[in-house]
Structure formats: structure tokens, C-alpha cells
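One-based numbering, in listed order, for ligands and for the atoms of each. This is a predicted model, so every value here is computed, not measured. Atom set for the values below is all heavy atoms of this structure, side chains included, hydrogens, waters and symmetry mates excluded.
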Amino acid sequence: MKMKADMITTINVIKADELAFEDDETCLVVPAYHKEFPLNSAVLAEEDEVVLQALVDKEIITGKAKQCYFLPTPAKTYKGVLVLGLGKRDALTAETVRRAAGAAATKFKGHRVRHVYLDLTGFPEASAAAFVEGVNLGQYVFDTYKNVEPEDAPTLVSTITVVVGDDVDQEALGMACQTAALVSLAANGARHFANTAANDMTPSTLALAAEEIASVADSQCSCTVFDHQMMQELGMNALLGVAHGSEEPPKLIFLDYRHPDAKRTIALAGKGVTFDSGGISLKPGSRMHEMKYDMCGAAAVLCTMMALNHLKPAINVIGVVPTVVNMPDGKAQTPGDIVRAYNGKTIEIHNTDAEGRLILADAMAYTVEKYKPDCIVDIATLTGAVIIALGHCAAAVLGTDDATVEQLISAGENTGERLWRLPLWEEYEKMMEGNHADLNNIGPEREAGTVTAAAFLKQFVGDTPWAHIDIAGMAWGVKNVPYLSTKHATGFGVRLFTQWLLEQARESG
Ligand code: BES
Ligand code: MN
Ligand code: ZN
């Protein structure tokens, strides 16, 4: 499960007078605000400007958000100029730039562009990082299982050169862009894990991927994997009950990132059901294949750890991934079963399809006891109900720690991975009380499914400040975001978590 080396873009930041176009694989990108013309560029050749202005006059180029007009320049050393519509100046956000860049990435692919020059001389320098992210995310292709003719292999952008005005700190901007490049590649890594078919992406594959993440040069991260026997000795029967129906052995993965100057320790837990058939409470067949994505929480945690291990912020982070396959079988867990979780609480299984909360319960109860983190955040494709509540527009966030919830919401605004808070009142916890055991694993049918799932998880984090993110609506199937593709996983969570943790490291450091 290696990341493709050819996806790594080189970033340069230069001043306008240093500009020299390399070759005919180069494209100059000139941003434009909606209906603000002439174009604001310090580096556009006069002949190109004349043609582009004529297209503006004919209202072919308008600068509307995401509009990408590619003007080929066959007589020049470079391949063409792309006018990048950013929409209204007052409405500009990082997400506008990211989406425009995602649309541009499609054009770059179509025109086989390898080198991109982005002229930001007349635009906010903060756009540079969002542009890098949008291009990297937009270029992601998943062709592992396709027979692609060599001549049809996609051409990817290998360098992005940002052209800035004289007052800009080139080094600082270069660093911000490098971080953006790395984080977007980590997000692509999560997309890749998730897109990989469940026959290749098993709990054992995830464990190997975690070991690889910990074994890079200069690693500050160590990896521990608990196997079936170890979990049995520890009494993790909630997790093991889910694994009973599958031949694939379950794993509990820990990635432990340490920094000598760290003031805080944060735990991230990600649901890693590499396939969720529902178990004996079998799911309907029509969209069951999508349940290979039921490990998107795990992918987000692992790839966040990958990013941290490269960026080295001053914070300790424990990434925890409980991972199993949920299958029906002669040995599978059945409705009515009662299991005793790691923290001693007993759970009556009323629906074997509510399995994510069971594996997270043991993973989180163990993590808060063993590592005593300052806070724990879990991320999971936990409930179909969150899609009813929020659609494919935001993930739900719930929790006991208002500060963390608010920080996460704000990181979501900045990264475009939006979160919306749902309540977690006592009444919901009552709804999860068991008849024959302490807890039921499901609440009353059709009522507040996302909240009752969270109310269940709350019973396993003790007094540790905690937040829960339900990404069932955002992990795949997101429409109309140019840097994502509807058919594939989104990598949701990697950019959000990394941004939040980098901020936490800065503030506590
Ligand atoms: N992995 C599913 C949740 C899910 C469903 C994610 C659809 C994305 C799309 C989870 O394990 C599950 O099956 N949840 C049940 C819970 C119910 C039995 C209380 C659900 O949401 O139906
Ligand atoms: Mn399920
Ligand atoms: Zn599931």
C-alpha cells in the first residue's frame, strides 16, 4: 500500500522577474474574479492578454467560480494559459480556490500539463496552499484494477510554481504550500485505502499499512498490533463478537506519535470495518458493495498519522484502529447475544449490523485507560441515519468536550470538511439502556440513530473529554465537489484532523 511517487509535486515560490517557462508541458494559471477585468497578471504575455480580453468581451470568460478557460498557445514555448474563475472577490474562501483548482486539475489532465505556474501577484497569497491542495486532490486517479494502455496513463502535474509580489515572504509561503501538498497526498492515501477492494483490504492489510507508516526514515511513530489472542486475554469481547463470523482475523492497531516538546496527548480512533455485510442482521443486497468503505474512519486516522509523522508537530497523538470484517456465518454473533466489553459493561446485541460502536467501545475504553489522553476523538462511518439528517453535505459531530467540538468545527470550515453538531442530552443515553444487560447496541427503531449511537459510545470513554464524528454521509458519494469524484472515497478527516492537530501543537507549544 505505497503512495505513488509520481504524485508528489515539487513546489517553488518565485518573484515575477524570475519567471522562465520551462517547456511545452507548462501552463500558466491566471486567476480572475467574477466580472473584474482586465485580467490582473504581472506575467501574462501581451499577445495572450489581447486574445483573452477579446474572450472576456464576448463573455466567454467571466471569472465565475470554477470556470476554467484553457487557451492553447502553440506558437509559444509554453502549452497554454488557464484563466481560473474564483467568483466574487468578497466571497473568496480557501474552499473556492480548492474547488477551482480541482476543476483546473481536470483540464491539466486533459491537456497533459506537467508544470503549472500560478500567478498570484494580484491575489491573496493564502490562495497558494488551497490551490496546491485542490490540484493534488483533483488529480487523484484510482486505476489499480484497470488495464490501462501505457499511452493512456494519465499525465500528472509534477511541479507547481507560485509567482508572488515583492512583499511576500517566499519561504513562509513555500512551507505552507509544502504542508498543503503533503496533507493532500495523505488524504489521497486514505482515498486509496478505502477504494481498494475488500478482498485486498483486510484487517491484516491495514495492520501492515500502519507498520509501514511507522517505519519511514526519521519516524517519531511506533506501531503496535494486538491480535485475536491478545484481545481475548484483555477481555475485548465487544470487538471480538463482531469478528466471529469472519475467517479474517481481527486486529487492534496503535500508532503512537511522540514529540519531545509535546504538552498534550490526543487520541484518534477510527472505525475499521473492512467489509460490513451486516452479519446475521444482513443488509439488503442492492448497495452492499459500498460497505467496503466502512473502514474510512480507519483510513482517516492512519493517513493523519502518516502526515503527522512527516510534519512533526509538538504534540503526542495516539492513532487507534479497531479492525474486523462483519459477516454472517455458523459461528457469527447472533441477535440476543450478550457480551462483556473491556470496561466491564455488558451489551445486549439486538442488531449485528450496529457493529461499529461495538469495536470502537473496546478500542476507546482501552485507549483512555492505557494512554490517559487529554482528549479522544473518534471518526466512523457509523450510521445511515446521519445521511438522513445531513445528506452528503457535512459530517455530524457530537461529544462531551465543547472546546474540542468547536475547534473541530472551525478546522472543518477552513478545510472544507464541514461538521455540524448534534445534541447529546441524557434522554438519549436512557434510550440505550438494556433489558438483560447494561446496554443495548441499538436504540428505539428510527429515532435519532446518529445520536443514540454516540450515546452508546459515550459509555466507553469514562471522564476523558471526547468528540465523535460520523462520516457515513461524507466518506464517499459526495457530489459536485470538483476535487473529489462521486464514484470514489473522499479521504474525509485527514485534512480536518491534521489542520486541527497542527493548530493544537502551535497553541499548546
Ligand atoms: N456501516 C453502517 C453505517 C452506514 C450505512 C454507513 C449506510 C454508510 C451508509 C453501520 O455499521 C450500520 O450498519 N449502522 C446501522 C445501525 C442500525 C442497525 C442501528 C444503520 O445505520 O442502519
Ligand atoms: Mn453495520
Ligand atoms: Zn458498519
Side-chain angles (χ1 to χ4, degrees), residues 194-195 198 201 203 206 238-239 241-246 248 250 269-300 321-328 332-337 347-361 363 378-396 398 422 428 431-432 434 439-457 468-479 486 488-490 492-493:
N195 291 332
M201 180 50 66
L206 280 180
L239 187 157
V242 180
H244 271 160
S246 174
E248 285 294 337
K271 170 179 173 183
V273 178
T274 59
F275 187 73
D276 180 13
S277 70
I280 295 296
S281 314
L282 195 64
K283 285 184 183 296
S286 63
R287 291 174 67 177
M288 201 199 272
H289 61 277
E290 293 185 352
M291 284 299 123
K292 72 168 182 177
Y293 293 128
D294 212 17
M295 39 60 75
C296 284
V321 171
T323 172
V324 300
V325 188
N326 187 22
M327 292 292 267
Q333 167 159 276
T334 54
D337 283 3
I347 308 162
E348 211 172 314
I349 312 296
H350 279 200
N351 189 321
T352 64
D353 198 10
E355 84 298 339
R357 60 196 77 184
L358 295 169
I359 67 169
L360 283 166
D378 74 85
I379 182 163
T381 48
L382 206 63
T383 64
V386 78
I387 310 175
I388 307 295
L390 300 172
H392 301 283
C393 295
L398 306 94
L422 296 179
Y428 298 109
M431 287 156 77
M432 298 307 285
L439 292 163
N440 259 342
N441 81 324
I442 58 169
E445 209 175 344
R446 300 175 66 83
E447 287 180 38
T450 302
V451 186
T452 53
F456 178 91
L457 290 177
H468 159 66
I469 303 174
D470 192 334
I471 56 168
M474 300 307 288
W476 74 96
V478 176
K479 297 180 196 80
T486 307
H488 295 122
T490 60
F492 191 102

Distance-minimising heavy-atom pair for [X] and [Y]:
X	Y	answer
Asp337	Gln333	OD2-CA, 3.5 Å
Ala448	Tyr428	CB-CE2, 3.8 Å
Leu360	Gly270	CD2-C, 4.3 Å
Ala396	Thr450	CB-CG2, 4.1 Å
Ile442	Ala354	CG2-CB, 3.5 Å
Val321	Ala298	CG1-CB, 3.5 Å

Q) Pick one: which of Ile471, Leu457, Val273 meets side-chain contact (heavy atoms from CB on, under 4.5 Å) with Leu382? A) Leu457
Q: From the options Val324, Asn326, Thr274, Asp276, select the one residue that forms a side-chain contact (heavy atoms from CB on, under 4.5 Å) with Asp294.
A: Asp276
**Q.** Sub-2.8 Å protein N, O or S atoms surrounding the Zn ion (ligand 3)
**A.** Lys271 NZ, Asp276 OD2, Asp294 OD2, Glu355 OE2
Q. Applying a heavy-atom distance cut-off of 4.0 Å, which protein residues contact ligand 1?
A. Lys271, Asp276, Lys283, Met291, Asp294, Asn351, Asp353, Glu355, Arg357, Thr381, Leu382, Thr383, Gly384, Ile387, Ile442, Ala472, Trp476
Q.
If you apply the rule salt bridge (charged side-chain N to carboxylate O under 4.0 Å, His left out), what do you find for Lys271 with Asp378, and how did you get there?
A. CA-CA 8 Å; Lys271 170 179 173 183; Asp378 74 85; over 6 Å; no
**Q.** Those residues that, when tested against His488, pass ring-ring contact (aromatic ring centres under 6.0 Å, His included) (two or more places apart)
**A.** Phe142
Q | side chain to side chain donor-acceptor pair (under 3.5 Å) assessment of Asp470 paired with Thr383 | A | CA-CA 7 Å; Asp470 192 334; Thr383 64; 2.7 Å; yes
(Q) Exactly one of Thr352, Thr334, Asp353 should register a side chain to side chain donor-acceptor pair (under 3.5 Å) with Ser281. Which one does? (A) Thr352
**Q.** Asn440/His350 under side chain to side chain donor-acceptor pair (under 3.5 Å): CA gap, chis, key distance, verdict
**A.** CA-CA 7 Å; Asn440 259 342; His350 279 200; 3.3 Å; yes
Q: Pull up every protein N/O/S atom sitting under 2.8 Å from the Mn ion (ligand 2), skipping waters.
A: Asp276 OD2, Asp353 O, Asp353 OD1, Glu355 OE1
